[in-house]
Structure formats: C-alpha cells, structure tokens
Amino acid sequence: MLAFNFFGATEGGLFDINATLPLMAIQVVTLTYILNSLFFKPVGNVVEKREKFVSKNIMEAKNKLSEVEKLEADLLTQLQSARSEAQKIVSEAETESDKLYKEALELANNEANASKEKARLEIENQTSSARDQLLKQAEDLSELIVNRLILEK
Amino acid sequence: MFFNFISTNFAALEVGQHLYWQIGNIRLHGQVFLTSWILLGALLVFISLGTKKMENDPKGLQNLLEFLWDYIRDLSRTQIGEKVYRDWMPFIGTLFLFVFVSNWGGALIPWKLIKLPSGELGAPTADINTTIALALLVSLSYFYAGLSNKGWRYFEYYVHPTPIMLPFKILEDFTKPLSLSFRLFGNILADELVVGVLVFLVPLVLPIPVMFLGLFTSAIQALIFATLAAYYIGEAVEEHH
C-alpha cells in the first residue's frame, strides 16, 4: 500500500502536487504584505528612530566632550600663564625687596659709619683737648713746682 | 516479512494521505491550509499584540519583536547588501517566519489529538506543495530583483567570468528551487516520520531527544531557507565590475 502510494499515485502520495501549490504561493505573498504593514514597517520605524536618536545623542555628547576638552586646554594655558605671571611678580618683588634691603642696609651702614666717624672725631677731639688741657695743667703744675722750688731757694 | 512490517506501520502513520478539499475542478490538501491558518493566525495575533503599543523604551513583547526584526535585518543586509536589502527584508523575513512557525508549530503542537477523516494535521512545510511554492517565489524574486535593478544587464551574470559558465548558470536556475524545496520538505517530513516511528515503537522517553533534535533541525531549516533566498537575491543584484 505504501509502495503504491509513494510516487506518482493518482490519488494521494507524498509528491501529490495540485492546486495547493499556487494557493499557498498566493497565501505567502499576501502574508508578506500583511507582515510588512503589521510588523516590518512599524517595528522598523521605531527601531530606526531610536537608532537615529542614539547616534544623534552620541554625536552631541562627542561634540560636547571635544568642547570640554578645548575649554580644559584653554583653562590649562590660562592657568599656566597666570602661574608664570605670578612667578614673575614674585621674583620681581623679591628682587625689589632685595634691592630695598640692600639700599637700607647700605644706608644704615653709611649712617653707622658716619656716626662712628663722628664719634671717633669727637673722641679724638676730646682726647686731644683733654691732652692739651692735661699738658697745660702739667705745664702749669711744672711751672708751679718750678716757681715753688725757685722761691724756696 | 520486513517490508510487510514497515508498510503496515507506515500505513498506521498515514504517509502520503491527504484531506482533500474539492472546489469545483481543483483539489486542495486541506490539512496543509488548516494548520497554516492556525499557525499564521497565532503569528499575526502575537505580532499584533507586540506592536499594539510601540514605545521608544521597549517593554515585553516589543523587545522580542525588535530582536526578531534586527535578526532579519542583519540576515538580509549581510546577504543582499546595503543598497537594496530594504526592499527585500519583508519577503526574507516572511519566509523565515513562515518556515519557522510552520516547522515549530508542526513539531510542538500535538496535532494527533485532532482526528481528520483522512490524512493528519502536521507541519505545512512537510507538504511538497508548500515548499515548492516557497522555492518558486524565491526564484521569481531573484529574477525580479536582478531585472529591476540591472535591467537586461542582469543576464551578464550568466556569462560573468567566462561564457563557459552559461550552461551551468542556466542549470542553477533549476537546481536552486529544486534544492530549496526538497531540502525543506525532506528535513521536516523526515523529522516527523522519525518521531512518528519512534513514538509508535517506543512510546516513552526515547523519542524525546529525537524531538529536541527535530526542533533544532526545524529552526536551522528556517534559517537556511531564508539565508539562501537572501543569498540568491543578493547574487542577482550584485554588480560585477
């Protein structure tokens, strides 16, 4: 019975090709149109809209990131210039203060020297005057002594 | 003796028996249409539920449908190419879904419980009419794709590297639908028969791994059918330089 029905049987069989074939083809084509409007189009729209949204956001984020990087670099150069400026000001102030200190030191030295000199001169004067006085007194005294000695004689 | 055993058992499996519908002068295999309507109805209900409320932030079924859509897009894009894959994606996707739903529906739903006056319900793709219909649609599609994209230059494809290829390329136009239809038909029918025979001989446990193998084969066959269809269309629209 199987052997009879297997190939080319007029009724039934595995390879019984009939109007099922074209009707099935029409059914599949119809299904393609139905699925296109029911599934492929709407899902595709949603997925592609989302893909666009995501890629747009990624682009924006990238732009923002590059902007941030640019600003950061800008800031860094500004910071560097400010730092070097500050360095310059500090070193200027240092030399200035150094100069002032040296000037003041020199001035003070000079003053001290001058007053030392003056004091020395004064001391010298006083010494010499004291010596003169002493000499005079010694002279007077010697004169006195001499006079006395002479008078006693 | 042996042949007698086989034939009686196969007879019990009702190989090659059909439920005939007579409409005027034409005869149809009713069981094929019944199962395909049930399965496609389920598929359409499933898809309608999933696409009813589409959101930008997908939930539940929409996720699955988007995964499926993405899968089909990748399949058609890799085979057909960036330029025209959009036109053919619905066709490739429909082939994939139809074959997949038919194969799995035939394997997973216990159709045996529904008694028909003649024949039995099963995978629509286990009927040669269905697979030939699909294969011929693929043939028409790649001819149409080639002609609509390249006009008469499509026939350059037949003599492409050298004119020696001409007879082979013409032969290919016949072997493509033949291999497509018989591969699908043979795999699904063989799976049903193997499971049927095993269930008949050893009703417990033993058929289960074979059933799993059948599910695997069914999914692979759907993928192969869709991939080959896309490949043929891609071959037809490809530009030779």
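Each chain gets a letter, A, B and so on, in the order its sequence line appears, and its residues count up from 1.
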Exercise for the section: Could you tell me whether the side chain of B/Asn129 and the main chain of A/Asn18 form a donor-acceptor pair under 3.5 Å? Expected result: yes

Completion exercise
Given B/Ile132, B/Leu140, B/Leu43, B/Asp70, the one with more heavy-atom pairs under 4.5 angstrom with chain A than any other is B/Ile132

Exercise for the section: Take atom CZ of B/Phe143 as the centre, draw a 6.0 Å sphere, and report whether it contains more than 12 heavy atoms from other residues, nucleotides or ligands. Expected result: yes

Handout entry: Residues, nucleotides or ligands: over 12 heavy atoms within 6.0 Å of A/Gln87 CD
Key = no

Completion exercise
Residue from B/Leu68, B/Thr94, B/Leu134 scoring the most non-hydrogen pairs under 4.5 Å with chain A is B/Thr94

Exercise for the section: Mind checking the CZ-OG1 spacing from A/Phe39 to B/Thr51? Nearest 0.5 Å is all I need. Expected result: 8.5 Å

Fill in the blank from the handout: Among A/Ile34, A/Val29, A/Leu31, A/Asn45, the residue with the most heavy-atom pairs under 4.5 Å to chain B is A/Leu31

Problem - Aromatic ring proximity A/Tyr33/B/Phe91, centre distance under 6.0 Å - result: no

Completion exercise
Counting heavy-atom pairs under 4.5 angstrom with chain A, the leader among B/Asp127, B/Leu28, B/Leu44 is B/Leu28

Handout entry: The single option from B/Gln17, B/Arg27, B/His29 passing side chain to side chain donor-acceptor pair (under 3.5 Å) against A/Asp16
Key = B/His29

Exercise for the section: Could you look at B/Leu137 and say if it's the side chain, the backbone, both or neither that has a heavy atom under 4.5 Å from chain A? Expected result: side chain

Fill in the blank from the handout: Note: B/Ala133 and A/Ala25 closest approach over all heavy atoms is CB-N, 3.8 Å

Practice task
Evaluate the side chain to side chain contact (heavy atoms under 4.5 Å, CB included) criterion for residues B/Trp69 and A/Glu48: first the C-alpha distance (whole Å), next the side-chain angles of each, then the deciding distance (0.1 Å), finally the verdict.
Solution key: CA-CA 11 Å; B/Trp69 186 88; A/Glu48 273 165 1; 3.9 Å; yes

Handout entry: Rounded distance [0.5 Å steps], CD1 in B/Ile26 versus CG in A/Leu23
Key = 5.5 Å

Problem - Heavy-atom check, side chain of A/Leu38 versus side chain of B/Ser48, under 4.5 Å - result: yes

Fill in the blank from the handout: In short, B/Met54 meets A/Pro42 closest at the heavy-atom pair CE-O, 3.6 Å

Problem - Segment of A/Ile26 engaging chain B (4.5 angstrom heavy-atom cut-off) - result: neither

Fill in the blank from the handout: Residues B/Gln62 and A/Val46: closest non-hydrogen pair is NE2-CG1, 3.7 Å

Practice task
Output, in order, the C-alpha distance, side-chain angles, deciding distance and verdict of ring pair (Phe, Tyr, Trp, His ring centres under 6.0 Å) for A/Phe15 and B/Phe185.
Solution key: CA-CA 10 Å; A/Phe15 296 93; B/Phe185 166 68; 5.6 Å; yes

Exercise for the section: Evaluate the side-chain proximity of A/Leu21 to B/Leu136: yes if any heavy-atom separation is below 4.5 Å, no if none is. Expected result: yes

Practice task
Supply the atom-to-atom distance B/Thr131 OG1 to A/Met24 CE, rounded to the nearest 0.5 angstrom.
Solution key: 10.0 Å

Practice task
Would you please test B/Arg73 and A/Glu51 for salt bridge (Lys or Arg N to Asp or Glu O under 4.0 Å) and show each step?
Solution key: CA-CA 14 Å; B/Arg73 178 178 65 169; A/Glu51 277 171 357; 2.9 Å; yes

Handout entry: Which portion of B/Phe46 sits near chain A, non-hydrogen atoms under 4.5 angstrom
Key = neither

Handout entry: Which atoms of B/Ile23 approach chain A - backbone, side chain, both or neither, heavy atom under 4.5 Å
Key = neither

Problem - Pairwise side-chain contact, A/Arg50 with B/Pro58, heavy-atom cut-off 4.5 Å (strictly under) - result: yes

Handout entry: Side chain proximity check, B/Ile128 to A/Leu14, heavy atoms < 4.5 angstrom
Key = no

Exercise for the section: Show your working on side chain to side chain contact (heavy atoms under 4.5 Å, CB included) between A/Thr32 and B/Phe98 and close with a plain yes or no. Expected result: CA-CA 9 Å; A/Thr32 304; B/Phe98 180 82; over 6 Å; no

